[in-house]
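Remember, predicted model here, so these are calculated numbers, not experimental data. Residue numbers count from 1 along this sequence. Both counts, for ligands and for their atoms, begin at 1 and track the order of listing.
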Amino acid sequence: MSWEENVRKVVPYTPGEQPKIQNIIKLNTNENPYPPAPAVAEAIKIMDVDRFKKYPDPSCSVLVDAIADFYNVSSDRVFVGVGSDDVLAMAFLTFFNSDKPVLFPDITYSFYDVWANLYRIPFKQIPLNEDFTITKEDYFGENGGVVIANPNAPTGVELPLKDIEEILQKNRDVVVIVDEAYIDFGGESALPLIDKYDNLLVVQTFSKSRSMAGMRIGYAFGNEKLIKYLSDVKYSFNSYTMNTPTLELGALAISNRDYFDKTRNMVIGTRERVKKELKELGFEFADSKTNFIFAKHPDKSGKEIFANLRSRGIIVRRFDLPRIDEYLRISIGTDEEMDTLIRALKEII
Ligand SMILES: *Cc1c(COP(=O)(O)O)cnc(C)c1O
């Protein structure tokens with residue numbers, strides 16, 4: 001017998017490439033093209049490194065309170081983690097502890113099945129419709145939990161909030177996770193529903209709409225009992241998930257509502273313009289409520305366009321998976337970056 005028989009073997013999630021080369025246009029991981037709120041740059045310049053001798057605040061209260069304040073919820077309904085990936089991983093571990101399968105779509109954030117496999121949670125992937133919409137009734141049967149990315153990734157399609165609420169109504173006996181990584185780009189958040197449904201966990205992130213993917217800040221809202229269960233698992237795993245500078249810079253970033261609105265509206269404006277230009281070039285895509293567009297072209301393969309863009313220093317994301325391998329997921333960059341992309345596509349198509 002070999003020690004390898006006792007190893008927990010997993011097929012890991014593959015993150016989008018973070019290229020080391022300079023002067024590329026990076027439209028492959030849905031980062032925000034604009035810098036974080038100005039107070040972040042100011043604060044980091046004068047940060048007192050002497051404080052790094054001490055452990056950070058395990059309750060993360062400066063950040064939790066700032067998030068609670070921004071969204072006008074009480075602090076005991078907020079949980080924070082090292083990106084929403086960390087929050088979601090903790091939530092899977094905490095809430096999906098049944099023999100029945102957890103339900104999520106076949107085309108969605110490709111980390112869900114990785115966590116389910118890692119924790120040996122049974123799961124069932126439910127096919128999206130041809131147009132990438134969700135049929136809510138598919139989630140009404142018996143299950144061990146439900147996970148919905150809304151708007152969905154990588155499709156960009158939003159499930160109307162009334163459908164989310166119906167899924168909640170039919171699933172009072174399990175936890176329903178709504179992953180709202182892209183909600184700030186035009187979707188309707190399920191956050192107000194936490195008052196009505198104590199089994200709802202709404203997960204958001206600083207990585208997209210708040211321009212801080214590199215800092216790793218994710219957060220979740222839920223009934224205080226739900227949040228307490230999540231915290232108990234966190235403290236059983238790693239008490240100090242978040243570091244001192246991240247807690248402080250995150251709190252500063254979220255307190256600037258004007259900057260947040262300005263930059264997300266810039267991204268939305270660029271997205272709407274790029275939609276028109278892609279349409280004119282013959283691209284086909286479902287309507288996106290996110291900071292990316294998931295598009296295919298009837299005359300050119302996704303593989304070919306991807307490779308051609310790459311040779312020009314423009315990196316987009318392509319998933320080599322059934323049903324979506326012809327599609328490119330194009331993040332919304334600055335106006336100049338998107339102009340360069342459109343010029344390139346005009347030459348390629
Ligand atoms: C980007 C993303 C996340 C993870 O973001 P973090 O950087 O870990 O906060 C989670 N879910 C979806 C659907 C995403 O697209």
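Looking at heavy atoms from C-beta onward, Ile314 lies out of side-chain contact with Ile24 at the 4.5 angstrom threshold.
Every N/O-N/O distance between Tyr109 and ligand 1 stays at or above 3.5 Å. Checking only distances, Tyr112 never comes within under 3.5 Å of ligand 1, N or O to N or O.
With sequence neighbours excluded, no residue forms a ring pair (Phe, Tyr, Trp, His ring centres under 6.0 Å) with Phe140. Taking Tyr259 as the reference, nothing meets the ring pair (Phe, Tyr, Trp, His ring centres under 6.0 Å) condition, with sequence neighbours excluded.
For atom 13 (C) of ligand 1, the closest heavy atom belonging to the protein is Asp179 OD2, 3.4 Å. Looking from atom 7 (O) of ligand 1 to the surrounding protein, the closest heavy atom is Ser207 OG, 2.5 Å. The single protein non-hydrogen atom nearest to atom 5 (O) of ligand 1 is Ser84 OG, 3.1 Å, given as residue, atom name and distance. Protein heavy atom in closest approach to atom 1 (C) of ligand 1: Lys208 NZ, 1.2 Å. Among protein heavy atoms, the minimum distance from atom 15 (O) of ligand 1 is reached at Tyr182 OH, 2.6 Å.
A salt bridge is absent between Arg271 and Asp287: the closest approach of a Lys/Arg side-chain nitrogen to an acidic carboxylate oxygen does not fall below 4.0 angstrom. A salt bridge links Asp232 with Lys228; the closest basic N to acidic carboxylate O contact falls under 4.0 Å. The pair Asp320-Lys303 does not meet the salt-bridge criterion, since no charged nitrogen lies less than 4.0 angstrom from a carboxylate oxygen. Using a 4.0 Å cut-off between charged side-chain N and carboxylate O, Lys26 and Glu17 make no salt bridge.
Contact atoms of ligand 1 toward Arg216: 6 (P), 7 (O), 8 (O) (distance under 4.0 Å to a heavy atom of the residue). Atoms of ligand 1 lying under 4.0 Å from any heavy atom of Gly83, numbered from 1 in the order shown and given with element: 8 (O), 9 (O).
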